[in-house]
Amino acid sequence: MSSAEGLKFTIHPHPNATPAARRAELMADPAFGRVATDHMVVVKYKDGVGWHDAEVLPRGPITLDPSAAVLHYAQEIFEGMKAFRTKDGGAAIFRPEANARRFRASAERMAMPQIPEELFLEAVNQLVRADRDWIPEGENASLYIRPFMFANDAFLGVKPASEYLFMVIASPVGAYFSAGAVTVWVSETYTRAAPGGTGAAKCGGNYAASLLAQAEAKAQGCDQVVFLDAVKHTDVEEMGGMNVFFVFEDGSLVTPPLSGTILPGITRDSVITLAREKGLTVREEAYSIEQWLADARSGRMTEAFACGTAAAISPIGVVKTREGEARIGSGTAAGQITGALRTALVDTQRGRSTDAHGWVSQVF
């Protein structure tokens, strides 16, 4: 193993932690990502030393040199996962091992050091233990956990950095979208990722590249943007921060294939597994925007939904393009299969059903 083997965390409890009454007030109806918990995790990396100085600290600002590599060359990656309050009052995280594996894959693509999965998981668990009281109750409530790593080496020059910070922060959250189906805008001007690029890595640059298209979607009265492939500009790939599924009248599902330009979503993988266990056919294959519009209008497509850590599973009610729009199903609510898959996913996450796959990790 790396020099991280046996690395111990030093715990520095917050001297002025948020009082219980104030915490309850902040958690009553938190805007997504706007409320911070009391602590953060920091682990340092340096070439020749490896991973070192693992700490749980009071959450606060970080200091960067103006020439820190992340500010100039964008060596940065992150993950997103959720901790849930279980029915016995405990805490559980959904599929953190999958996040750890994807984080290592993202680091490899971005020429960054790969943090050992055991260290990644322990860092996440340390933060959840420290801020367990920040896990909200409620059907749509959870603690959103954000592990991230960036280059903090101070230099100007195009090369991989030699120093990095791995950090974990958290935020109590409610529903990502308001109730009901979302409306999506198809971007025919901008692309999210190209073959050979960083589309399969969870790096900030991919999301920065999506923001102008997302703004265009908002200007068109839509909740989210859908990107097409960068080569033919015909095939649906993914949304601004979520994968997408289509449900047809025969009960089968289609989702775009992982071809290096689409983020391999952990919720996406979970949905495929749960759907197949229900006896549904799931095909990972190319699907064009023209076919989407035609199938929605003819009724061959009965449902569509987006999925991701933040939103779980959200029905898509309307798809819009410059040439027109099409309604999917009722256009306002989740269809039968979308609803059943969401229930199966959420029940697993919250410990209400049997965890047949070992997806739920208890935090003690």
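This one's a predicted model, so the numbers in the text were calculated from it and none came from an experiment.
By the 6.0 Å contact criterion, OH on Tyr176 is open, its count of non-hydrogen atoms from other residues, nucleotides or ligands being 12 or less. At most 12 non-hydrogen atoms from other residues, nucleotides or ligands lie less than 6.0 angstrom from NZ of Lys46. Taking a 6.0 Å sphere around CD of Glu290, one finds it holds more than 12 heavy atoms contributed by other residues, nucleotides or ligands. Within a 6.0 Å sphere centred on CZ of Arg327, other residues, nucleotides and ligands contribute 12 heavy atoms or fewer.
Between the side chain of Gln75 and the backbone N or O of Met110, at least one donor-acceptor pair lies under 3.5 Å. Looking only at distances, no side-chain donor or acceptor of Arg146 sits under 3.5 Å from a matching main-chain atom of Gly33. Side-chain atoms of Gln349 do not come within 3.5 Å of backbone N or O of Phe94 as any donor-acceptor pair. One N or O on the side chain of Arg342 and one on the backbone of Ile313 form a donor-acceptor pair closer than 3.5 Å. Formation of a donor-acceptor pair under 3.5 Å by the Thr354 side chain with backbone atoms of Ala356 is not found in this model. Proximity of a side-chain donor or acceptor of Arg85 to a complementary backbone N or O of Gly138 within less than 3.5 Å is not detected. Checked by atom type and distance alone, the side chain of Asp223 pairs as donor or acceptor with a backbone atom of Thr183 at under 3.5 Å. At distances below 3.5 Å, at least one donor-acceptor pair connects side-chain atoms of Ser187 with backbone N or O atoms of Tyr190. When atom types are taken as modelled, the side chain of Asp347 and the backbone of Arg352 share no donor-acceptor pair closer than 3.5 angstrom. Using a distance-only test at 3.5 Å, with no hydrogens or angles considered, no donor-acceptor pair links the side chain of Thr191 to the main chain of Ala193.
Using a 4.5 Å cut-off on side-chain heavy atoms (C-beta onward), Thr321 and Glu325 make no contact. Within the 4.5 Å cutoff, the side chain of Ile328 has heavy atoms near those of the Met301 side chain. The shortest side-chain heavy-atom distance between Val244 and Glu237 does not fall under the 4.5 Å cut-off. When side chains are defined from C-beta on, Leu263 counts as touching Lys202, because their heavy atoms get closer than 4.5 Å. Side-chain atoms of Ile266 and Asn99, non-hydrogen and from C-beta on, do get closer than 4.5 Å to each other. Within the 4.5 Å cutoff, side-chain heavy atoms of Leu274 are placed close to those of Leu345. Met242 has its side chain within reach of Gln224: a pair of non-hydrogen atoms, C-beta onward, lies under 4.5 Å apart. Contact of the Pro58 side chain with the Pro15 side chain is registered, since non-hydrogen atoms from C-beta on lie closer than 4.5 Å.
Under the 4.5 Å side-chain heavy-atom criterion for Ile, Leu, Val, Met, Phe, Trp and Tyr, Trp292 and Val182 are members of the same hydrophobic cluster. Residues Val282 and Phe248 are members of separate hydrophobic clusters, defined by side-chain heavy-atom contacts under 4.5 angstrom among Ile, Leu, Val, Met, Phe, Trp and Tyr. Neither Val70 nor Tyr73 shares a network with the other; the hydrophobic side chains, linked directly or stepwise wherever heavy atoms of I, L, V, M, F, W or Y lie under 4.5 Å apart, form separate groups for each. Cluster membership for Val360 and Val271, using ILVMFWY side-chain heavy atoms within less than 4.5 angstrom, is shared. Val173 and Leu26 sit in two unconnected hydrophobic clusters of ILVMFWY residues. Membership requires side-chain heavy atoms under 4.5 Å apart, directly or through other members.
Not counting sequence neighbours, the partners of Asp269 by the side-chain contact (heavy atoms from CB on, under 4.5 Å) test are Arg95, Thr273. Under the side-chain contact (heavy atoms from CB on, under 4.5 Å) criterion, Lys44 pairs with His52, Asp53, Leu165, not counting sequence neighbours. Residues satisfying the side-chain contact (heavy atoms from CB on, under 4.5 Å) test with Ala17, not counting sequence neighbours, are His14, Asp38. Partners of Arg283 according to the side-chain hydrogen bond (donor to acceptor under 3.5 Å, both in side chains) rule, which considers only residues two or more places apart in sequence or in another chain, are Ser252, Glu285. Listed by chain and number, the residues in a ring-ring contact (aromatic ring centres under 6.0 Å, His included) with Tyr207 are Phe78 (sequence neighbours excluded). By the side-chain hydrogen bond (donor to acceptor under 3.5 Å, both in side chains) test, His357 is found to be paired with Glu277, residues two or more places apart in sequence or in another chain being considered. Here Ser67 pairs with Asp65 under the side-chain hydrogen bond (donor to acceptor under 3.5 Å, both in side chains) rule; sequence neighbours left out. Arg22 pairs by the side-chain hydrogen bond (donor to acceptor under 3.5 Å, both in side chains) definition with Glu25, not counting sequence neighbours.
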After noting the C-alpha distance and the side-chain angles of Thr10 and Val56, does the key distance pass the side-chain contact (heavy atoms from CB on, under 4.5 Å) rule?
CA-CA 6 Å; Thr10 302; Val56 179; over 6 Å; no
Apply side-chain hydrogen bond (donor to acceptor under 3.5 Å, both in side chains) to residues Asp131 and Thr37 and explain how you reach the verdict.
CA-CA 7 Å; Asp131 288 336; Thr37 66; 2.7 Å; yes
Does Glu238 form a salt bridge (charged side-chain N to carboxylate O under 4.0 Å, His left out) with Arg192? I'd like the steps, not just the answer.
CA-CA 9 Å; Glu238 64 176 293; Arg192 177 187 171 276; 3.1 Å; yes
Could you go step by step and tell me if Arg104 and Glu108 meet the side-chain contact (heavy atoms from CB on, under 4.5 Å) rule?
CA-CA 6 Å; Arg104 286 174 60 86; Glu108 181 179 21; over 6 Å; no
side-chain contact (heavy atoms from CB on, under 4.5 Å) between Val124 and Met81: does it pass, once the steps are laid out?
CA-CA 10 Å; Val124 170; Met81 62 186 77; 3.9 Å; yes
Apply salt bridge (charged side-chain N to carboxylate O under 4.0 Å, His left out) to residues Glu122 and Lys8 and explain how you reach the verdict.
CA-CA 10 Å; Glu122 182 57 23; Lys8 302 297 184 183; over 6 Å; no
Could you please spell out the steps behind the side-chain contact (heavy atoms from CB on, under 4.5 Å) verdict for Cys307 and Asn243?
CA-CA 5 Å; Cys307 68; Asn243 297 115; 4.0 Å; yes
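Applying the salt bridge (Lys or Arg N to Asp or Glu O under 4.0 Å) test to residues at least two apart or on different chains, none of the pairs has a partner in residues 239-267. The side-chain hydrogen bond (donor to acceptor under 3.5 Å, both in side chains) pairs that include a residue from residues 302-315 are Glu303-Thr338, where partners are two or more places apart or lie in different chains. Every pair passing ring pair (Phe, Tyr, Trp, His ring centres under 6.0 Å) that includes a residue from residues 123-161 is listed here, sequence neighbours excluded: Phe32-Tyr144.
Ring centroids of Phe246 and Tyr287 are separated by less than 6.0 Å, placing the two rings close together.
Classification of Arg102 and Glu97 as a salt-bridged pair fails, no side-chain N sitting under 4.0 Å from a carboxylate O. With respect to Arg322 and Glu216, a salt bridge is recorded, a charged nitrogen being found less than 4.0 Å from a carboxylate O.
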Please output the side-chain donor-acceptor pairs of residues 226-234 that fall under 3.5 Å, not counting sequence neighbours, one pair per line with the distance.
{"unit_1": "Asp229", "atom_1": "OD1", "unit_2": "His233", "atom_2": "N", "d": "3.3"}
{"unit_1": "Asp229", "atom_1": "OD1", "unit_2": "Thr234", "atom_2": "N", "d": "2.9"}
{"unit_1": "Asp229", "atom_1": "OD1", "unit_2": "Asp235", "atom_2": "N", "d": "2.8"}
{"unit_1": "Asp229", "atom_1": "OD2", "unit_2": "Val231", "atom_2": "N", "d": "3.1"}
{"unit_1": "Asp229", "atom_1": "OD2", "unit_2": "Lys232", "atom_2": "N", "d": "2.5"}
{"unit_1": "Asp229", "atom_1": "OD2", "unit_2": "His233", "atom_2": "N", "d": "3.3"}
{"unit_1": "Lys232", "atom_1": "NZ", "unit_2": "Asp235", "atom_2": "OD2", "d": "3.1"}
{"unit_1": "His233", "atom_1": "ND1", "unit_2": "Asp229", "atom_2": "O", "d": "3.4"}
{"unit_1": "His233", "atom_1": "NE2", "unit_2": "Ala230", "atom_2": "O", "d": "3.4"}

